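Following: one structure in structure tokens, then a few remarks.
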Amino acid sequence: MLSSLRPCSRFFARAYLKPVISHRLAKCPLQTRNFHVHGVVLLRKNGPKRSNDDDDKSTGNKNNEDATDEDLERIRQDVEKYIKEAKDDKAGSWEERKKRIDEGVKKLEETVMRQQAREQAANAQKHSIGEQGHAKRVEHDNPFNFESKKVDEEHHKKNEKQANEERKKDEMNAFNDPNGSTSNNIGLFQMGLLFLMLSFLLSFLNDVEENREITWQEFRSKLLAKKFVSKLIVVNRSYVKVLLNDAGKNQAEHSGHDFYNFTIGSVDSFEHKLQKAQDELHIEPDFRVPIVYVQEGNWSRALMQLLPTALMIAGIIWLTRKSAAQAGGGRGGIFGMGRSKAKEFNPDTDVKVKFKDVAGCDEAKEEIEEFVSFLKEPSRYEKMGAKIPRGAILSGSPGTGKTLLAKATAGEAGVPFYFVSGSEFVEMFVGVGASRVRDLFKTARENAPSMIFIDEIDAIGKARQKGNFSGANDERENTLNQLLVEMDGFTPADHVVVLAGTNRPDILDKALLRPGRFDRHVNIDKPELTGRQAIFEVHLKKIKIAGDIFDLKNRLAALTPGFSGADIANVCNEAALIAARNECDSVRLVHFEQAIERVIGGVERKSKLLSPEEKRIIAYHEAGHAVCGWFLEFADPLLKVSIIPRGQGALGYAQYLPGDIYLLSEQQLKDRMTMALGGRVSEELHFSSVTSGASDDLKKVTRMATAMVTQLGMSPKIGWINYQRKDESDLTKPFSLETGDIIDSEVFRIVQECHDRCAGLLKENSEAVEKVAQLLLKKEILTREDMISMLGKRPFPERSDAFDKYLSESETRKIQRSEEQNKDDETPPSSA
Ligand SMILES: Nc1ncnc2c1ncn2[C@@H]1O[C@H](COP(=O)(O)OP(=O)(O)OP(=O)(O)O)[C@@H](O)[C@H]1O
Ligand SMILES: [Zn+2]
């Protein structure tokens, strides 16, 4: 374990162990010899020149440069063994034991040093730059560079200072390095281990001291009586150190012991006892033993007491620094809080999205591409006296590809690109948001030309409120103000462009949107047919499809009006999942159709069992809708209807195909309402009582009728006035009670008319309703082709949109044929 000693333990060996022991040397003259040896361990620092015979013997390794982990472990075990033996008083004299321990520790240290030096050399080679500086450092780091025991005091201090500085540097590096935490932990672990070893050593030394403990009787009979005592030192008024004179030291029984200790109760009684003893031994007053009184601390004991506290404090400091560094995004501890969390896009490692991956939204793409060219060659525009726009807001419904477009810009721009989400400015602490904005812009400006993308900018860009007394939004407003200031703050010469994405451009603060800040507003709509085709093409390329991509993408685009880019990506993925689940070789049209149904209606719930009566009602309800859709010119024709429950609460499911229409005529609205009522009217016509199943239809109808009366000027009685309320929750009605009555009656009239029309239509086509309902009950699912075969073609001119172009039977056959063909080309699949 010691084998992987890193800076921490090195620091320990130098900065910690050394002061402790040299301190002892200075403070405790009586113990000089005893600890001198230990001092030598650290101070006798030979360079690599030193003879290493011992090491070679113990490691069994002739080449010391290659000291391995096992060698280290062996030496460590040796040292432990010596210490243990010494403690147990087993082998040899005290001198011998001491020497053995000293040598063991020395060997251990040297091996560690060598290993570190080797590691560093390896590192230096790896980096190959700064070779010289590194070598110097290794030398500095190696405390064995001292040539003699006598250490020049100044040299010593200087080295300590250096050690401190290096230690700080090491610590800083460890904290700044996000991957350094493991090595940090290892360092701490090793430090703990070394502490343990040290405390072991210290307690051992204490034990040694205890070995010299003698009793008063022993002192009196063996030392005092034999006149071996040169001096008595009363330490801390609690124990006495007996120093032997030369005659005493030369005695074999005292070899290695030049002093002994014994404890006393009180100084008075000790003096009294001593005087009495000397009287009894008839010692002349001139030859009586001199007594010295001293006060001193027991260093090892004090150290042992301090150790836990010191360790705890070190631990706390380490933890705080670590957590602060994490909170502050890894930079600058607790003060890094205000640093921006923006992530710089790294074109080499980050996912590369290019403009070609963003399909559809061509206008938006053009605008953004222009920004890129501003940054790439600003002179072209500046020559004309034009100012480069500061920024653009990308708005649009969720999943339309705003973030994707920004990523593509990052991939293509070739300038530093900073991603940040609006919510990352929001923090619990006051002022942090503003500070992060400042930091973000500062970084961007320093690296100009550059781009910033703020996703979901509404998190901070919401309109500031007038008369906000609660102060609850102060922090957000501060952040917004800072953003406004920063966007004003940079000059056109700064060449920083800010892009922002939002789903709610309507709630943004007007100040953000004025020219000079976000000059351009790029709206990304949900894709139309061609857009969907292009997006399908992008995503179909990523999966293994059975047939021809051209026909398939057209068909799928026609099937998915109102889908966003994210929906399309989801459909493709779902289809691939379904194909995989069915163990098919490739993804086919059926899988895509299932995926679309799943995305629209939710998961099929085959386990939900309906009673036959319920099934009948649902079949007639859906048949009513379907027949209305078939025979009303402006209603949406049916694509598919099923009476298998799906998702949450949907008992039946019908897919109609609205065209990409932007203007709705009165007749179109009425046709749609009539069709929406088709389900309920069919229930009325076929059953004695109606059901709750039509509630959603009725809601739709009411909303449409109300809009016709209060907003669209389609009621002669109300006229051309717009009574639109601000939002649904607005309780005040912007019209008089009388007008309210008229509105109610008009809404009722319109719905009534539609209902009557629907009833007439269904009665007229009762046969068709019957056929559709029966087939639905039989097959559970009806397609457009089934409808055509039962009711004939729709009696209206072909729609110009994708409907008839891509959804005709011939198209379906074409796709299926190409799928079959490809299947034949390959090896036959196990199942289809
Ligand atoms: N035009 C597109 N071309 C290709 N893929 C698209 C397109 N639009 C969306 N996607 C797909 O949808 C996923 C989500 O899009 P994106 O995250 O860009 O949406 P967004 O508009 O930022 O949504 P939000 O407003 O919810 O953040 C993309 O990862 C991509 O797979
Ligand atoms: Zn319905």
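Quantities reported herein were computed from a predicted structural model and do not represent experimental measurements. Just the heavy atoms: all of them, side chains too, but no hydrogens, waters or symmetry mates, feed the values below. Both counts, for ligands and for their atoms, begin at 1 and track the order of listing.
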Would G399 count as a contact residue for ligand 1, given that I'm defining contact as a non-hydrogen atom of the residue lying under 4.0 Å from a ligand atom?
yes
Might you work through the side chain to side chain contact (heavy atoms under 4.5 Å, CB included) test for S395 and V522, ending with a clear yes or no?
CA-CA 6 Å; S395 60; V522 182; over 6 Å; no
Please identify which atoms of ligand 1 are closer than 4.0 Å to at least one heavy atom of D357.
3 (N), 4 (C)
Do any nitrogen or oxygen atoms of A359 come within less than 3.5 Å of a nitrogen or oxygen of ligand 1?
yes
What is the nearest protein non-hydrogen atom to atom 5 (N) of ligand 1, stated with its residue, atom name and distance?
H539 NE2, 2.9 Å
The protein heavy atom nearest to atom 18 (O) of ligand 1 is L404 N, 2.8 Å
Between T783 and D786, do the side chains contain a donor N or O and an acceptor N or O under 3.5 Å apart?
yes
If the threshold is 4.0 Å, N to carboxylate O, is there a salt bridge linking R555 and E593?
yes
Taking NZ, NE, NH1 and NH2 as the nitrogens, is one of them in R436 or E424 under 4.0 Å from a carboxylate oxygen of the other?
no
Tell me the contacting part of A569 for ligand 1: side chain, backbone, both, or neither, using a 4.0 Å heavy-atom threshold, strictly below.
side chain
Do me a favour and list the nearest non-hydrogen protein atom to atom 27 (O) of ligand 1 with residue, atom name and distance?
E456 OE2, 3.0 Å
Looking only at distances, can you tell me whether any N or O atom of D455, backbone or side chain, sits closer than 3.5 Å to an N or O atom of ligand 1?
no
Nearest-contact summary for atom 12 (O) of ligand 1 - protein heavy atom, Å
A566 CA, 3.1 Å
Top protein contact for atom 22 (O) of ligand 1, by heavy-atom distance
T403 OG1, 2.4 Å
Which residue holds the protein heavy atom closest to atom 8 (N) of ligand 1, what is that atom called, and what is the gap in Å?
G401 CA, 3.3 Å
Considering heavy atoms of the protein only, find what lies nearest to atom 10 (N) of ligand 1 and give residue, atom and distance to 0.1 Å.
G565 C, 3.6 Å
Check this for me, if you would: do K670 and E666 make a salt bridge, where the nitrogen-to-carboxylate-oxygen distance has to be below 4.0 angstrom?
yes
Is R520 close enough and on-axis enough to F371, meaning under 6.0 Å and within 45°, for cation-pi?
yes
Between N503 and ligand 1, which part of the residue brings a heavy atom under 4.0 Å of the ligand: side chain, backbone, both or neither?
side chain
Tell me which N, O or S atom of D697 sits nearest to the Zn ion (ligand 2).
OD2
Assess the side chains of H755 and E684: does a donor N or O sit below 3.5 Å from an acceptor N or O?
yes
When you look for heavy atoms under 4.0 Å from ligand 1, do you find them on the side chain of T400, its backbone, both, or neither?
both
Taking a cutoff of less than 4.0 Å between a non-hydrogen atom of the residue and any ligand atom, is G501 in contact with ligand 1?
no
Hey, is K407 one of the residues with a heavy atom under 4.0 angstrom from ligand 1?
no
Check the side chains of S564 and D567 for a donor-acceptor pair under 3.5 angstrom, ignoring hydrogens and angles.
yes
Ring-ring centroid check Y620 F687, cutoff 6.0 Å:
yes
Check the surroundings of atom CD in E767: do more than 12 heavy atoms from other residues, nucleotides or ligands lie under 6.0 Å from it?
no
Under a 4.0 Å N-O cut-off, is there an ion pair linking R757 with D671?
yes
